[in-house]
Amino acid sequence: MSAPPEWKALPSDLEILRSLASRIREISESPVNVERRKLWFDHNDLKTNRPVIMIESHEALQGLVPGSVVQCQEGWARGLEYGFRRSIYHHEHIADDSVVEPFINCNWNVSATGYGVSAEKVRSDVPGVFGAYRWDAPIVDIDRDFDRLKPRTFSVDRESTLRWKAHLEHVFDGILDVRIRGGFWWTVGMTWTAIDFLGIDGLMLAMYDNPAGLHRLMGFLRDDLISFADWLEREELFSLNNENDYIGSGARGYTRELPVNGAANGDAVRAKDLWVLSESQETVGVGPDQFAEFVFPYQHDVVKRFGMCYYGCCEPVHNRWHVLKGFENLRSVSVSPWCDEEFMADALADRYVFSRKPNPTLISTEVWHEDAIRDDLRHTLRVAEKCSLEIVMKDIHTLVGEPERAARWVQIAREVVDEVRG
């Protein structure tokens with residue numbers, strides 16, 4: 001089998017990639033990895049009270065696995081190599097409950113047109129992806145400007161996708177299988193997009209100044225998302241996300257309950273076979289009544305089409321829980337640093353996953369305060385004693401030049417779990 005012509009395959013690059021892929025395969029078959037995989041399945045299926053420990057260590061790995069370690073020459077190969085090296089390092093040194101799977105995933109090359117208006121964002125000159133930005137809301141008057149909005153249309157380049165897949169199959173033949181697998185959005189929450197159109201002030205003021213106009217806008221965004229999902233389903237572009245798939249705010253999708261009705265491999269994947277994430281961090285400044293009127297009904301219309309829902313990210317959800325529990329397919333809920341843990345533990349009990357996000361400042365400040373870290377973990381473990389608990393340290397923007405803190409936090413978390421849970 002010869003390699004597709006688009007991507008130059010240097011013998012030295014292939015040797016590096018295949019060697020690293022072999023190590024990925026070894027890790028995927030190791031007893032500890034098999035145990036972690038089972039833990040995740042049991043956890044999301046509400047069949048264990050053993051907590052899952054995770055850390056999103058992107059900041060740490062930039063220091064511990066710098067780009068300078070990459071040896072491949074071709075651009076496509078360098079990206080794969082760096083991903084392999086980070087996964088291997090994370091498994092060998094961070095040692096949380098992350099799972100390594102023996103696959104290479106690639107996704108359909110799908111494109112979408114714009115909405116007819118766009119928010120041109122002007123970023124600061126601070127380097128890095130987390131710099132501030134500003135924009136002028138393109139919709140100032142919903143009634144006057146609404147007709148500028150256009151429903152998106154979608155297309156897929158199957159040929160380019162399959163050529164890339166064939167290339168990967170050539171490179172990793174006999175080591176790792178290649179799958180078309182991946183998602184097409186992070187969230188179906190819609191308020192992020194609404195604020196791009198209106199601005200945060202515009203969204204909040206519209207709840208009072210033009211409620212009918214805001215309902216019209218949210219209905220437009222809902223219909224657009226449903227249209228996208230329906231198109232993906234008709235075109236058979238959906239792939240399952242019931243394994244080591246990023247399905248929420250730091251969570252993984254392992255579950256035996258999807259696809260529904262035990263659909264066999266090869267069957268077309270439907271929306272109801274999938275996890276979906278919804279959230280509304282941007283409306284943290286509005287009351288539960290406003291959320292219930294202007295946000296939840298539109299989210300519900302989208303979410304109900306899917307199999308399971310993970311809800312939330314950074315927003316505290318305790319004051320809108322009486323609304324959110326109206327999601328019939330809700331399975332996992334983000335319990336952010338600003339959330340009332342005691343309230344949420346009682347509310348979630350053994351019926352939902354308690355997805356705890358400790359405050360990242362605990363490991364990001366100049367002073368490493370280990371006692372504070374342990375006290376925070378103890379509190380969560382005791383409060384959520386009856387819950388299916390995952391503890392996910394994320395949103396780490398700095399480790400103040402000490403990337404080894406990531407592994408140390410995981411070690412501390414495991415020690416505290418043993419101390420509290422025995």
Side-chain angles (χ1 to χ4, degrees), residues 3-4 6-7 9 17 20-21 24-25 28 40 56 58 74-84 86-87 98-114 129 152-173 175-189 192-193 224-255 258-259 263 265-278 302 305-310:
E6 290 99 327
W7 300 279
L17 290 177
L20 291 170
I24 291 290
R25 183 87 195 191
S28 74
W40 271 104
E56 291 190 354
H58 307 303
E74 293 297 313
W76 67 267
R78 290 176 64 84
L80 289 169
E81 178 191 354
Y82 189 58
F84 283 151
R86 286 176 62 133
S87 294
S98 295
V99 179
V100 176
E101 293 288 2
F103 304 107
I104 295 285
N105 292 332
C106 63
N107 202 9
W108 292 110
N109 186 0
V110 166
S111 300
T113 61
V129 297
R152 293 180 298 167
T153 59
F154 315 101
S155 60
V156 57
D157 187 339
R158 297 179 189 272
E159 291 185 3
S160 68
T161 302
L162 295 175
R163 287 198 304 270
W164 174 242
K165 181 174 182 286
H167 175 59
L168 294 175
E169 288 171 338
H170 170 77
V171 172
F172 299 106
D173 184 38
I175 304 175
L176 298 176
D177 290 335
V178 180
R179 308 184 297 180
I180 295 180
R181 190 178 181 102
F184 301 97
W185 52 67
W186 177 65
T187 176
V188 296
W192 188 344
T193 308
D224 176 79
L225 267 176
I226 291 174
S227 176
F228 190 21
D230 287 347
W231 178 82
L232 291 166
E233 191 169 288
R234 285 195 309 272
E235 294 292 324
E236 298 188 4
L237 300 174
F238 274 139
S239 57
L240 294 175
N241 57 1
N242 59 346
E243 295 176 5
N244 195 28
D245 304 279
Y246 196 96
I247 52 87
S249 177
R252 299 299 184 271
Y254 288 99
T255 179
L258 296 175
N265 290 335
D267 291 347
V269 177
R270 304 149 299 179
K272 66 180 181 180
D273 295 320
L274 302 176
W275 283 92
V276 72
L277 165 69
S278 192
V302 177
R305 304 170 73 88
F306 290 82
M308 287 185 182
C309 176
Y310 180 111

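Quick caveat, the model's predicted, so the values are computed rather than measured.
- A 4.5 Å side-chain heavy-atom check between D177 and P102 finds every atom pair outside the cut-off.
- Atom CH2 of W192 is surrounded by 12 or fewer heavy atoms from other residues, nucleotides or ligands within 6.0 Å.
- Note that the CG atom of D230 and the CZ atom of F228 stand 11.5 Å from one another [nearest 0.5 Å].
- Closest approach of W76 to A9, counting heavy atoms only: CZ2-CA, 4.1 Å.
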Self-check item: Stepwise ring pair (Phe, Tyr, Trp, His ring centres under 6.0 Å) check, F84 with F172
Solution: CA-CA 13 Å; F84 283 151; F172 299 106; 5.7 Å; yes
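- Legend: salt bridge (Lys or Arg N to Asp or Glu O under 4.0 Å) pairs involving residues 232-243, not counting sequence neighbours, sorted by first then second residue: R158-E235, R179-E243.
- Looking at residues two or more places apart in sequence or on another chain, you find a side chain to side chain donor-acceptor pair (under 3.5 Å) between R181 and N242, D245.
- Between Y246 and E56, the shortest heavy-atom contact is OH-OE2, 2.7 Å.
- A distance of 11.0 Å separates CG of L277 from CG of N241, quoted to the nearest 0.5 Å.
- For L176 against A21, the heavy-atom pair with the smallest separation is CD1-CB, 3.6 Å.
- Side chain of D273 to backbone of R270: a donor-acceptor contact under 3.5 angstrom is found.
- Using a 4.5 Å heavy-atom cutoff, the side chains of S278 and V302 are not in contact.
- Using modelled atom types, one side-chain atom of S239 and one backbone atom of G182 make a donor-acceptor pair closer than 3.5 Å.
- Aromatic ring centroids of W108 and F184 lie 6.0 Å or more apart.
- The CH2 atom of W186 sits 6.0 Å away from the OG atom of S249 when rounded to the nearest 0.5 Å.
- With sequence neighbours excluded, the residues forming a side chain to side chain donor-acceptor pair (under 3.5 Å) with S98 are H90, D96, listed by chain and number.
- Side chains of V269 and L274 form a contact here, defined as non-hydrogen atoms less than 4.5 Å apart.
- Proximity of a side-chain donor or acceptor of W275 to a complementary backbone N or O of M308 within less than 3.5 Å is not detected.
- Under the side chain to side chain donor-acceptor pair (under 3.5 Å) criterion, E74 pairs with no residue, sequence neighbours left out.
- With values rounded to the nearest 0.5 angstrom, I247 atom CD1 is found 9.5 Å from T255 atom OG1.
- With sequence neighbours excluded, no residue forms a side chain to side chain donor-acceptor pair (under 3.5 Å) with N107.
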Exercise. Give the intermediate values and the outcome of side-chain hydrogen bond (donor to acceptor under 3.5 Å, both in side chains) for residues S160 and N109.
Key: CA-CA 7 Å; S160 68; N109 186 0; 3.2 Å; yes
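- Closest non-hydrogen pair, I24 versus S87, comes out as CD1-CB, 4.0 Å.
- In terms of modelled atom types and a separation under 3.5 Å, the side chain of Y82 and the main chain of R86 share no donor-acceptor contact.
- Minimum heavy-atom separation, Y310 to A251: CE1-CB, 3.6 Å.
- Ring pair H167/W164 is tilted by interplanar angle, where 30° to 60° counts as tilted.
- You'll find the side chain of L237 reaches within 4.5 Å of the side chain of V156, heavy atoms only.
- Scanning for side chain to side chain contact (heavy atoms under 4.5 Å, CB included) contacts around E101 gives R37, V99, F103, N244, Y254, with sequence neighbours left out.
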Practice problem: Begin from the C-alpha positions of W231 and V110 and carry the test side chain to side chain contact (heavy atoms under 4.5 Å, CB included) through to its verdict. | Solution: CA-CA 11 Å; W231 178 82; V110 166; 4.0 Å; yes
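- Considering only heavy atoms from C-beta on, W185 comes within 4.5 Å of V276 through its side chain.
- To the nearest 0.5 angstrom, D224 atom CG is 10.0 Å from T153 atom OG1.
- Once rounded to the nearest 0.5 Å, the distance linking CZ of F154 with CG of L232 reads 7.5 Å.
- Nearest heavy-atom pair across R25 and S28 is O-OG, 2.7 Å.
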